[in-house]
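Residues: numbered from 1 along the sequence shown.
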Amino acid sequence: MSAYKSEFLRVLAERGFIHQVSEPDQLDARARAGVITGYIGFDCTAASLHVGSLLPIMMLHWMQRTGHRPIVLMGGGTTRVGDPSGKDESRRILTDAAIGENLRAIRGIFDKFLTFGDGPRDAVMANNADWLNSLNYIDFLRDVGRHFSINRMLAFDSVKTRLERQQELSFLEFNYMILQAYDFVELHERHGCHLQMGGSDQWGNIINGIELGRRMLGAQLFALTSPLITTSSGAKMGKTAAGAVWLDADLLSPYAYWQYWRNTEDGDVERFLRLFTVLSIDDIARLAALRGQEINEAKKTLASEATALVHGRDAAAAAETAARQTFEEGVFARALPSVEIALADLEKGLGVLAAFSEKAGLVASNSEARRQVKAGGLKVNDTTVTDEKMILGPRHVTQDGVIKLSLGRKRHMLIKPV
């Protein structure tokens, strides 16, 4: 680890956010000398961000917390194209209306991590549609496109991998790296931005922006990338059997979010405490020293701290209480996540496979539910399901007015007839 002298880079380094930095000594000196403005881009491909976006959000949080100015760049323009980095196939094209709806839906998450305003260190929310959507194609090719070498673009991993696998790469996607580079130039001119951050798969795209800024403006710009995060077992961060781990409470309850972090593998606890909480390094070291069954206390702290950042301290406390009552005290917990179902539909009969997959979302599909039944992994009202053709009806509604569905010991959902 480099001995960074600026608080900004020192904090990012000791918490595990840094993979590569261009010209680290110069960036470190600038960060010590005054306020640096840096950005990370987020495309608007869904109605919510998920845990995979949490690491870059935390990088922006620490940037502001150490006295600098973060820019959240919403990709209202680049979402119309699609980033080919790390993709095996073309992204489906979204309408402008859908992109606008997604952008409005995900903006709120950043308010929980950043302070926006007009001050020198206040965060900025920008949208690249403001400059990309009105570009004149011929002018853009002449002024920007001439600085890019096709030979070099073909050598980037995001392009080369697709071509080597003989998977189609559209001309639309091929232009993405040029548009991202141009974003950096625009943000430098509009907001004095000198730094772009992102995942390690973005290194080539960011370097393109640095080079374009030098050629067009004579500006010195910088790149900082974070490592791509996988779990100790090699699984992709933010994916479960039931789908993505969303940051929106309407798509994933605070309780289910808390449980996601509580189920962290032992080997990931210290790393995730550093990346996804704001606990001090000393507190993290103390928790990381726990062994055996005591490591569960560290996992609970990780779950509560991570949940508090996204959903608030009260929601995190309620989730922890519900978990303790359900798993440690054997008490029915009303704070468990729930889904409503029309009483008339329940009276018609609800197949147990559909209940777990389509209604509760505890498993990804009926076939997965069927496999869980064979393995003894599904329970209805704490009774193991043995018949995949079981039909749920009003007789399964408990005195609390719900049907409790469980996947293993740690994942639960209540079905509430209305």
Option among Arg214, His188, Gln26, His194 that satisfies the side chain to side chain contact (heavy atoms under 4.5 Å, CB included) test with Gln220: Gln26

Name of the residue among Tyr260, Tyr257, Trp258, Tyr255 meeting ring-ring contact (aromatic ring centres under 6.0 Å, His included) with His311: Tyr257

Note, Ile57 side chain near Leu49 side chain (heavy atom, < 4.5 Å): yes

Side-chain donor or acceptor of Asn381 paired with backbone N/O of Leu405 under 3.5 Å: no

Flag, side chain of Asp28 to backbone of Lys5, donor-acceptor distance under 3.5 Å: yes

Closest heavy-atom pair and its distance - Ala223, Ser22: N-OG, 2.8 Å

Phe42 side chain reached by Leu60 side chain, heavy atoms, under 4.5 Å: yes

Sidechain-backbone polar pair: His191 side chain, Cys193 backbone, donor-acceptor under 3.5 Å: no

Stepwise side chain to side chain contact (heavy atoms under 4.5 Å, CB included) test for Asp248 and Ile109: CA-CA 8 Å; Asp248 188 329; Ile109 188 66; over 6 Å; no

Minimum side-chain heavy-atom gap Asp283-Leu273 below 4.5 Å: no

Test item: Tyr4 and Leu12 side chains (from C-beta on) under 4.5 Å apart, heavy atoms: no

Under 3.5 Å, side-chain donor or acceptor atoms of residues 115-125 against the rest of the protein: list the pairs with distances, not counting sequence neighbours.
from   : atom 1 : to     : atom 2 : distance (Å)
Arg121 : NE     : Gly67  : O      : 2.9
Asp122 : OD2    : Asp118 : N      : 3.3
Asp122 : OD2    : Gly119 : N      : 2.8

Point-to-point distance, once rounded to the nearest 0.5 Å, from CG of Leu378 to CG of Leu407: 6.0 Å

Within-4.5 Å side-chain heavy-atom neighbours: Leu414 and Ile403: no

Exercise: identify the closest heavy-atom pair between Gly267 and Ser232: C-OG, 3.4 Å

Parallel, tilted or perpendicular: rings of His68 and Phe8 (30°, 60°): tilted

N/O donor-acceptor pair under 3.5 Å between His61 side chain and Phe113 backbone: yes

Donor-acceptor side-chain pairing of Gln196 and Gln180 below 3.5 angstrom: yes

Lys/Arg N to Asp/Glu carboxylate O, Glu270 vs Arg274, below 4.0 Å: yes

Glu211/Arg215 salt bridge by N-O under 4.0 Å criterion: yes

Contact check, side chains of Val51 and Leu247, non-hydrogen atoms, under 4.5 Å: yes

Any donor-acceptor N/O pair, Asn205 side chain to Met177 backbone, under 3.5 Å: no

Whether Trp261 and Phe276 hold their rings parallel, tilted or perpendicular, with breakpoints at 30° and 60°: tilted

Lys359 atom NZ, over 12 foreign heavy atoms within 6.0 Å: no

Under 3.5 Å donor-acceptor, Glu265 side chain and Ser233 backbone: yes

Stepwise side chain to side chain contact (heavy atoms under 4.5 Å, CB included) test for Arg190 and Trp131: CA-CA 11 Å; Arg190 291 169 182 245; Trp131 53 85; 3.4 Å; yes

Check: Ile284 and Arg15 side chains under 4.5 Å, non-hydrogen atoms: yes

Phe272 and Ile229, any side-chain heavy atoms less than 4.5 Å apart: yes

Pairs flagged by side-chain hydrogen bond (donor to acceptor under 3.5 Å, both in side chains) wherever residues 103-113 is involved - sequence neighbours left out: none

Which residues share a side chain to side chain contact (heavy atoms under 4.5 Å, CB included) with Glu305, sequence neighbours left out: Thr277, Leu279, Thr301, Arg313

Approximate separation, where rounding is to 0.5 Å, of Met74 CE and Cys44 SG: 4.0 Å

